[in-house]
Amino acid sequence: MSTSRLRVDRERCIGAGMCALTAPDVFDQDPDDGRVLLLHAEPPTAHRAAAQMAVGVCPSGAITLQEPEPSGS
């Protein structure tokens, strides 16, 4: 069974920090340049909703969430 997988584009990140504020167990900010640091590419179930919210509030669109494809019958 696949899980959701996060990806970040540090070149696109503008360092707003919304991800780290929204999902601090999944994201952090680089102390040197302020850009996103991904702590968990496959967020645990307990943090998945916050991770999804962080994707939505990222002003630069630097975070994407790849959902597992449904298994066909």
Side-chain angles (χ1 to χ4, degrees):
M1 180 170 165
S2 293
T3 61
S4 302
R5 184 160 184 85
L6 290 163
R7 296 184 189 273
V8 297
D9 181 346
R10 286 182 43 86
E11 294 300 316
R12 190 171 183 171
C13 177
I14 61 172
M18 295 305 297
C19 56
L21 291 171
T22 305
D25 293 311
V26 181
F27 303 99
D28 200 354
Q29 283 185 278
D30 188 310
D32 295 326
D33 64 13
R35 293 182 184 179
V36 62
L37 292 175
L38 181 59
L39 303 176
H40 298 285
E42 294 179 1
T45 303
H47 303 295
R48 204 165 293 151
Q52 288 175 322
M53 186 176 290
V55 171
V57 299
C58 177
S60 65
I63 306 168
T64 55
L65 181 66
Q66 183 178 20
E67 297 289 352
E69 295 198 19
S71 52
S73 306

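Keep in mind it's a predicted model, so treat the numbers as computed, not measured.
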Any side-chain heavy atom of Val8 within less than 4.5 Å of one from Cys13?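 With C-beta onward as the side chain, the pair stays apart.
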With a 4.5 Å limit on heavy-atom distance, are the side chains of Leu39 and Phe27 in contact?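 The answer is no; the side chains never approach within 4.5 Å.
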Show the nearest heavy-atom pair for residues [X] and [Y], with the distance to one decimal.
X     : Y     : value
Ala16 : Gln29 : C-NE2, 4.3 Å
Leu6  : Leu38 : O-CD2, 3.7 Å
Pro43 : Ser4  : CD-O, 3.8 Å

Point-to-point distance, once rounded to the nearest 0.5 Å, from NE2 of His40 to CG of Asp28: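 One finds 10.5 Å between NE2 of His40 and CG of Asp28.
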Give, for atom CE of Met53 and atom CE of Met18, the distance between the pair rounded to the nearest 0.5 Å.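 The distance works out to 10.0 Å.
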Arg35 side-chain N/O to Asp30 backbone N/O, donor-acceptor pair under 3.5 Å: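 No, Arg35 side chain to Asp30 backbone: no donor-acceptor pair under 3.5 Å.
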Would you tabulate the side-chain donor-acceptor contacts of residues 58-65 under 3.5 Å, counting partners in other chains and residues two or more places apart, or write 'none'?
residue	atom	partner	partner atom	Å
Ser60	OG	Arg12	O	3.3

